[in-house]
Amino acid sequence: MTNDKAAGESIPAGETPVRRNFVREIIDEDLKTNKFAGRVHTRFPPEPNGYLHIGHAKSICLNFGIARDYKGKCNLRFDDTNPTKEEMEYVESIEQDVQWLGFNWDGMYYASDYFGQLYDYALQLIRKGKAYVCDLNADQMRELRGTLTEPGKNSPYRDRSMEENLDLFQRMKAGEFADGSRTLRAKIDMASPNVNMRDPVMYRILRSTHHRTGDTWCIYPMYDWAHGQSDSVEGITHSICTLEFEDHRPLYDWFVQELGIYHPQQIEFARLNLTFTVMSKRRLLQLVQDGDVDGWDDPRMPTICGLRRRGYTPESIRDFADRIGVSKSESTVDVAFLEECLRADLNKRAPRVMAVLHPVKLIIDNYPDGVVEELEAVNNPEDPTAGSRKVPFSKVLYIEQDDFREDPPKKYFRLSPGSEVRLRYAYIIKCVGVVKDEKTGEIVELHCTYDAETKSGSPQSARKVKGTIHWVSAEHAVDAESRIYDRLFNVEDPGGENWKSYLNPASLQLVQGCKVEPSLAHAQPQERYQFERLGYFCVDDDSREGTLIFNRTVTLRDTWAKIEKSA
RNA sequence: UGGGGUGUAGCCAAGUGGUAAGGCAGCGGCCUUUGGAGCCGCCACUCCCAGGUUCGAAUCCUGGCACCCCAGCCA
């Protein structure tokens, strides 16, 4: 399946001002010197052994973004050289996630497409005397590899004849030897200070059904042997990867040079780390398998599908990737920064609605029984084209429990006995009574009076009151459930062996009995709203008409919470 | 203590011999029928440290220090 569209076609170039970074500088220089005949061709090469996460998004935005801005190309290539870990489920999710982020690949390939070519290349190296079949097992090989400070020793099989190597390698492929009994190794230098150059393994014998090639092969290429040659075959100009592969670059270069084939340039950048979360696929997989989360797309996960379900927009993730930049220094970005990018985007596009998460009944004593007014409410003050809607208002309402305090602290602008507050889009009311449950002391009803002159839009409505609160008409409200998410871990850096002990037990809070305005009755999964004064919410995939479920994507900036906290 | 990298504000990050961009956070103020949004202002006499070169150094040189990565038949 190949997609011919230009990379990133759906994203206008110049969506944000292009930010300089060292990778683009290298490309500029290469363009100037005509190193690659004016071509720019990148690739995003995930291993299909897990779901993509926000760290991959950084790489995706880098690679596809470069292709877009330089009018070049970007391939999607699955690095599927280890059949024991890779599955179709993952390739499907990866395709979906890349597209959801807004990118279209020019070519879609698999490293496994090149198994035949790679085998032929291996034959070439053997004939050149640059590769040999080694009979050492894994333990023996490790012993001879030396250490970081001591050189390794040559394998006793290192000097086999070319003919014998050819014969043995062909028989490895033919399945004559047991798994792990032999390897094909590059003949480089066992004394190299770079351990990657100490006769690295190119092929191992592994009888495992591959998700695409089935049982055709029982030898599989190692990453180092597959990656550069795949880049070369595809005509990649700039092979961008993360820092830990910097030590592999000499090997990358050695292979293409010895083969005498087209030579792409590998460039390494620092991977993304985020506070309050884990990013390794191994750990994310463990969270899923151990049931600590509800699957790869749990809204608390830093996976692309998790963020999507949480309510993140692709635009906000791209903006985040642009704003954090690209460099070679190890960095950990504050997750609050990701959230800020999200708010910036949602603020401009999410329709406002009123919803009460923790309702308390409020009765307007002097409002006529049985009367319903349809009040005009603006859909999005940031977007005049969003229009307005009617919201029903009546004598009995629900307001947020937290918007009433019997003993208000200093600077509390909301409702309290005897105080006035504005009901958003409606009237100014005054609290005249509190009804409590005799046994529990819990507040069950608030009684207020309203000032009929202060209806929103009328001349008298200009009267100043300290606070404005949201509400929903009891008779017209629709029931809903909310899922309130907090950080998955309660420490900034949940590293080390004990990482699971830092899981935040309160990362998910289910709130039943929410009351939302009637315009939300038919809300569909993935729709995003701002619940005024509370935050951005999106309709969960589990939501059904009549059983609405909202995920809290992110809170609004909350100045009051800050004041109260510091008090 | 082998090799490869990286050190600029609380967090990211520009800067490439001419006198420290920008964003986020933070702090003041304005505005506001979301304590939202928006707007204005403040926020590094100094760039890991120490020497040196230079009229001039975050940028060049020398020597230290700190942190990250590498000893998979994982990627």
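Please read all numbers here as calculations on a predicted model, not as lab measurements.
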For [N], give its Watson-Crick or G-U wobble partner with both distances under 3.5 Å, or none.
| N | result |
| --- | --- |
| B/A66 | B/U6 |
| B/G41 | B/C27 |
| B/U59 | none |

Can you give me the N/O atom pairs linking the protein to nucleotides 69-74 of chain B at distances under 3.5 Å, or say none if there are none?
from	atom 1	to	atom 2	distance (Å)
B/A71	O2'	A/Arg145	NE	3.2
B/G72	OP2	A/Arg142	NE	3.3
B/G72	OP2	A/Arg145	NH2	2.9
B/C73	OP1	A/Arg145	NH2	3.2
B/C73	OP2	A/Arg145	NH1	3.2
B/C73	N3	A/Gly180	O	3.1
B/C73	N4	A/Leu136	O	2.6
B/C73	N4	A/Ala138	N	3.3
B/C73	N4	A/Gly180	O	2.9
B/C74	OP2	A/Arg204	NE	3.0
B/C74	OP2	A/Arg204	NH2	2.9
B/C74	O3'	A/Arg204	NH2	3.2
B/C74	O2'	A/Asn82	ND2	3.0

Is NZ or CZ of [X] both nearer than 6.0 Å to the six-membered ring centre of [Y] and within 45° of the ring axis?
| X | Y | value |
| --- | --- | --- |
| A/Arg487 | A/Phe276 | yes |
| A/Lys430 | A/Tyr450 | no |
| A/Arg160 | A/Tyr132 | no |

What's the gap between [N] and [M] when it is taken at their [atom1] atoms, as a whole Å value?
| N | M | atom1 | value |
| --- | --- | --- | --- |
| B/C24 | B/C39 | P | 10 Å |
| B/A9 | B/A50 | P | 16 Å |
| B/C43 | B/G28 | C1' | 11 Å |
| B/C60 | B/C74 | C1' | 42 Å |

Looking at every strand, decide which applies to [X] at a 4.0 Å heavy-atom threshold: base, sugar-phosphate, or nothing.
| X | value |
| --- | --- |
| A/Gln530 | base |
| A/Gly457 | base |
| A/Ile324 | sugar-phosphate |
| A/Thr332 | sugar-phosphate |
| A/Glu25 | base |
| A/Tyr412 | base |
| A/Arg414 | base |
| A/Val465 | nothing |
| A/Thr559 | sugar-phosphate |
| A/Arg323 | sugar-phosphate |

Please tell me if [X] has a side-chain N or O lying less than 4.0 Å from either OP1 or OP2 of [N].
| X | N | value |
| --- | --- | --- |
| A/Arg249 | B/G4 | no |
| A/Arg533 | B/G35 | yes |
| A/Ser329 | B/A13 | yes |
| A/Lys562 | B/G26 | yes |
| A/Arg557 | B/A25 | yes |
| A/Lys464 | B/U33 | yes |

Closest-nucleotide 5' rank along RNA chain B - winner of A/Asn21 and A/Ala561: A/Asn21
If you assign each of A/Val326 and A/Ala462 to its closest nucleotide in RNA chain B, which residue comes earlier from the 5' end?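 Nearest nucleotide further toward 5': that of A/Val326.
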Between [N] ([atom2]) and [X] ([atom1]): distance, integer Å:
| X | N | atom1 | atom2 | value |
| --- | --- | --- | --- | --- |
| A/Tyr536 | B/U34 | OH | P | 13 Å |
| A/Asp383 | B/U34 | CG | C1' | 16 Å |
| A/Leu556 | B/G38 | CG | P | 11 Å |
| A/Leu415 | B/G35 | CG | P | 13 Å |
| A/Tyr110 | B/A75 | OH | P | 17 Å |
| A/Lys328 | B/G15 | NZ | C1' | 18 Å |
| A/Glu492 | B/C24 | CD | C1' | 14 Å |
| A/Arg405 | B/G35 | CZ | C1' | 13 Å |

Name the orientation of the base relative to the sugar in B/G26: syn if the glycosidic angle is within 90° of 0, else anti.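 Anti conformation here, the glycosidic angle of B/G26 being more than 90° from 0.
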Syn or anti for B/C12, given that syn means the glycosidic angle lies within 90° of 0?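 Anti for B/C12; the angle lies over 90° from 0.
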For residues [X] and [Y], is any side-chain donor paired with an opposing acceptor at under 3.5 Å?
| X | Y | answer |
| --- | --- | --- |
| A/Gln229 | A/Ser232 | no |
| A/Tyr110 | A/Asp79 | no |
| A/Glu373 | A/Tyr427 | yes |
| A/Ser239 | A/Gln266 | no |

Quick one: does any side-chain atom of A/Ser327 pair with a main-chain N or O of A/Ser329 as donor and acceptor, under 3.5 Å?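 Yes; judged by distance alone, with no hydrogens or angles, the pair exists.
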Proximity to the side chain of A/Ser456 - top-ranked nucleotide from B/G4, B/G36, B/U33: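 Given the options B/G4, B/G36, B/U33, the side chain of A/Ser456 is closest to B/U33.
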From C-beta outward on A/Asp334, which listed nucleotide comes closest to its side chain: B/C12, B/G35, B/C11? B/C11
Would you say the base of B/U34 and the side-chain of A/Thr468 have a donor-acceptor pair closer than 3.5 Å? no
Checking A/Arg405 now: which residues fulfil side-chain hydrogen bond (donor to acceptor under 3.5 Å, both in side chains) with it, not counting sequence neighbours?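 Expected list: A/Asp402, A/Glu564.
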Taking the six-membered ring for Trp and the single ring otherwise, decide whether the centroids of A/Phe413 and A/Trp560 are under 6.0 Å apart. no
Test of ring centre spacing under 6.0 Å for A/Tyr367 and A/Phe393: yes
Hey, is A/Phe337 stacking on B/G23? Ring centres under 5.5 Å, planes under 30°.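 Stacking between A/Phe337 and B/G23: absent.
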